[in-house]
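Residue numbers begin at 1 in each chain, while the letters A, B, ... track the order of the sequences. Quick note: numbers below take in every heavy atom, side chains included, and nothing from hydrogens, waters or symmetry partners. It should be emphasised that the depicted structure is a prediction, and the values quoted were computed from it without experimental measurement.
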Amino acid sequence: MFNAYGEDPNDDLPGKIGPNGIFRLLNDLKVDPADRSVLILAWKLKAATQCEFSKDEWIQGMEDIKCDNMEKLSKFMKNSASHIQDPIDFQQFYQFSFNYAKPLGSSGLALSTAVAYWEIIFGENKRVQNWISYLENQQIRGVTKDEWLTFLEFLNTVKEDFSNYDSEGSWPVRIDDYVDFCQASSGGPLAA
Amino acid sequence: MSENLANTWAELGKGLEKIYTNVDPVSTKQYMELYSHVYNFCTKSHLEDVTPLTRNRRNNQPNVATPSGAEFVGEDLYKKLVTFLEEYVNELRAACHSFRGTELLEHYNRVWESFRFSSTAVNGIFSYLNRHWIKRELDEGKTGIYEVYNLAVRCWQEKFFVHVADAVTNAVLDLILNERNGESIPTSLVSGVLNSYLEMGINEHDDPPTGQQVLRPTTNAPTEKRPRALVVFKTYFERKFLEQTRLYYSAEAQEFLAQNSVIEYLKKVEERIKEERDRVDRYLDTSTLEPLMKACDDVLIANYLDRFRGEFDSMLENNQKDDLARMFTLCERVDGCLEVLRSIMENHIERKGRAAISNVTTDANSDPKTYVNAILSVHQLFSSLVTYAFKNDHGFVQAMDKAFTSFINRNNATDNTKAPSRSPELLARYADLLLRKSAKNPPENEVEEALNQVMIVFKYIEDKDVFQKYYSKMLAKRLVHELSASEDNESAMLQKLKQMCGFEYTSKLQRMYTDTTVSKELTQTFKREVNEKNIDLHHVDLSVMILAHGVWPFQYMETCTIPPILQNVMDKFSAFYVARHTGRKLTFLQHMSRGEVTCNAYNRKYGFMASTAQMAVLLKFNDNLSYSLQEITDSLEFKNDLLCNVLQTMLKVDLITLSETKTLDANTPMDTVVSLNPNFFSKKLKVDLSKAVTRSEVRKEQVDVQKDLEEDRRMVIQAAIVRVMKMRKKLAHSALMTEVIKQLSVRFKPNVKVIKKCIDTLIEKEYLARVEGDRDQYEYLS
């Protein structure tokens, strides 16, 4: 399978499946590139860089997910959600996504990248949407690793009405500000 | 002749009868006779009168002599004595049946004294018995046997006293009541009666004064202090006494307060408590003092705490020092009462402080002196009050300090203006006023006193780093422009700051000082060298101050082109300096530099003190008497608004004139011509053009300081966080916050949000990390 998609001449990435190769692959699998299952696949493959799979990653990864043909791979893609049901798995998947999305030179994610990935990961989630709207409104430039990581914990542990939120606690300032903002405009559409 | 019980008793009985009923003391002869009877009786063994069965009762100790008949004989004699005493005491009881009140007390006292006296004598008579049979019985722990005196007292208690106790006690209580109502009473009567209570208690086994039940009275001093036990006293007297006390004072308090003010009431309470304490001294037992005081406190004070509290605030308002002292002393007696008073006082001080500052707020913005004085007057008032009325009680001092800290740092002046740290700024400005030369020139110790006052306020300032920034700016200006009034005061102030804040706080300030001194020396050296090497300075007298970069709060600022004559000296000096300190770079701060220009254009030779830029302009008039603004700007490369500033003072003193407009500002057209005024005149030969510190400069300074401050604080906070984490390796969030705040509290009060932001930054920079799995904990990443 690697050979079918790897070393695509358009990609010019010897030893790897590049963006074009991946595009063809996903086409054949009938999977939307923006679908979450793609990200889950990347996670399972322990891919280091966006839009690339090295040969080793591919071979090893396919073995891990026990797919040696397109049919099995297709099934995997359909059932990908099952692999992140467990909260611990989900957390690892989420943490992986940051590093995967992050360009090599910088320490954080550009806001647009972060938003894109959040949307892929969480799909239609009202709270996440609110958070994203807030960040976009504030016109912040980027999201740090700490903010990314603690956001998950925030989603999981803090209630929608923030009744159990401790502003003196160790949350990053960005999240403090977010909570303040929501509470100040509570009653409004952003109360989540 | 054998002494047998009957005979002996016949004699003894008669003798005792006489002793007890006669007023006269027994004669020595009679005494000795009776004593002998006892002695003889006891020392002869009378086996006939004794049943064999009673013989070997107690003797388990091999080394004790076999019991002689004296023992058993003792018992019989003892029993006879008991019977006698009981009968006698019964008679006494019958005899006082009809007495009441004070009469009863008199009778009782009389009878008791006489009984005591007689019993003492009898005790002496039976002393042989005391020392032998009785002692043996006591040693063996037998109950119900007493030394003769104690026995007598015992009989008194059991056969007489218990029947009259109520009446006697009530009579005593009546007397006490009367005394409380203002009558005088026969206190010796009362104390005599109560002493009898105290003596009776001594025989109670459950309350022994010492390990042994032995009372050894002396025959000659019946009123001597005796050891006492308190059971009888407490049961028969104290309980009722305390009850009566409570009732009495409850009623009095209620009635009094219905008709009088709390202030008067406090005085009354104070009197009454003193009275009760006296009462204990005069005729009650010292053990009663504590429960009596408690009873009074409960009824007179604890019950009325609410009213006291209500009154407290108005007393503070009217500064009623003595009344406050009184209330404090009384409330001290009741647990927990002072707490509330403290917080009332704290609130009061805060209010007063804020009010005092509000009153001067409009002035404060231009006159730091009124601001500081307002604070000091409030401080003075309340700290002396706390000392006078509240005896510097620790809790009150703390409450006062809290109040001071609160209103000094947050009040009308600080909240109104845009600069948040107004208080330390104003304080620094005031210190500057004190330290700089002024027209008034107050004596040095007056200034020092005022500086001490400054330190008093400084103690309460939370943002001490703001003070430092302003102080250092002002100090720098004073040093550079030679405006210090007194070197001693300057260094004294530094000392005080160092003492309060530590070496680091004042190290830069100290350095500025040394730089000044060194510069003076350097200038001298330079002048010498100029002379020796005949360096031509074109008659310019130069002095230089070398300021270490980073220590002094000055920035380089461009002004204009330097006139060649000045440039020459600057270059010569630079050469001189660099030769001595290779590797150092000198940057001249033109905007801080000043000089004096002599002017020979007029009849009188004037000297103009001017900034460098002003000198540049003045020197241009050597070439020409008029220039347009544009020309000056071009030739000297001025930035426009700077030129206006430069020319302002010259305009003000009429040294120059403007061709068209009278005002000079940013809107003045650039072709306006500026001319040297040919008719210039000034009374003083030395004219200072350089002063003018404008409002906008002050404002700019505040903004600068603020920005500087935030940056500095961020650095300091981050350093503190790293320091703490390095030491602890792993720490929970709240513990980290507490530790950091504590460490920084000496310098300023850090904002929680800012600290959190610093933590975020440090996580980003990978100095710290959150512990895997526990978001609340951080660990140090080395």
Worksheet item: chain A contacts: which residues in residues 757-769 of chain B have a non-hydrogen atom closer than 4.5 Å to it?
Response: Lys757(B), Asp760(B), Ile763(B), Glu764(B)

Worksheet item: Are the side chains of Arg770(B) and Ser170(A) in touch, meaning some heavy atoms are under 4.5 Å apart?
Response: yes

Worksheet item: Which atom names give the shortest non-hydrogen contact between Gly169(A) and Lys756(B), and what distance separates them?
Response: O-NZ, 2.8 Å

Worksheet entry | Proximity of residues 731-749 of chain B to chain A, residues having a non-hydrogen atom under 4.5 angstrom | His733(B)

Discussion item. Hydrogens and angles aside, do Arg775(B) and Thr150(A) bring a side-chain donor and acceptor to less than 3.5 Å of each other?
Written reply: no

Discussion item. Does Asn156(A) have more than 12 heavy atoms from other residues, nucleotides or ligands lying within 6.0 Å of its CG?
Written reply: yes

Discussion item. Looking at chain B, which one of Asp176(A), Asp146(A), Thr144(A) has the largest number of heavy-atom pairs inside 4.5 Å, strictly under?
Written reply: Asp146(A)

Worksheet entry | Heavy atoms from other residues, nucleotides or ligands near OH of Tyr780(B) exceed 12 (cutoff 6.0 Å) | yes

